[in-house]
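Here is the structure we will look at, set down as structure tokens.
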Amino acid sequence: YSMATHIDPHPVSDKFTDHAYEHMYGLFLGRLLGGKQRFKMLEIGLGCGQNYGPGASLYLWNKLFPVADIWFAEYNAECVFDCK
């Protein structure tokens with residue numbers, strides 16, 4: 001199962017353009033699509049320094065899993081402030 005069919009291409013995350021993680025994410029997270037099951041997720045890094053700007057994963061996970069409790073960890077305080 002690939003999550004590629006559920007992904008809005010904007011903003012683009014390197015998870016899907018450079019690394020093709022959508023297959024692995026589909027395997028482990030596909031059953032959670034649809035927004036009915038609450039769960040917790042931790043994402044490490046906002047993508048600070050990426051050419052597309054920070055927060056692409058934040059946007060993606062919130063769109064795919066609207067009822068999930070999603071936490072992000074980022075050491076670059078200025079980037080976190082800019083992403084709010």
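- With rounding to the nearest 0.5 angstrom, the CG atom of Leu33 is 6.0 Å from the CG atom of Leu64.
- For the residue pair Glu43 / Trp61, a side-chain donor-acceptor distance below 3.5 Å is found, with atom types taken as modelled.
- Although no hydrogens or angles enter the test, the distance criterion places a donor-acceptor pair under 3.5 Å between the side chain of Arg38 and the main chain of Val67.
- What you find for Phe28 and Arg31 is that their closest heavy atoms are O-NE, 4.3 Å.
- Linking ILVMFWY side-chain heavy atoms closer than 4.5 Å, directly or via other members, places Val80 and Tyr75 in two distinct hydrophobic clusters.
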Just do the side chain to side chain contact (heavy atoms under 4.5 Å, CB included) check on Phe39 and Leu32 with the steps written out, would you? CA-CA 8 Å; Phe39 66 97; Leu32 299 170; 3.8 Å; yes
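- The side chain to side chain contact (heavy atoms under 4.5 Å, CB included) check on Asn76 picks up Cys48, Glu74, Glu78, Cys79, with sequence neighbours excluded.
- Residues Phe72 and Leu58 meet the side-chain proximity criterion, which asks for heavy atoms closer than 4.5 Å.
- Looking at heavy atoms from C-beta onward, Phe65 lies in side-chain contact with Leu29 at the 4.5 angstrom threshold.
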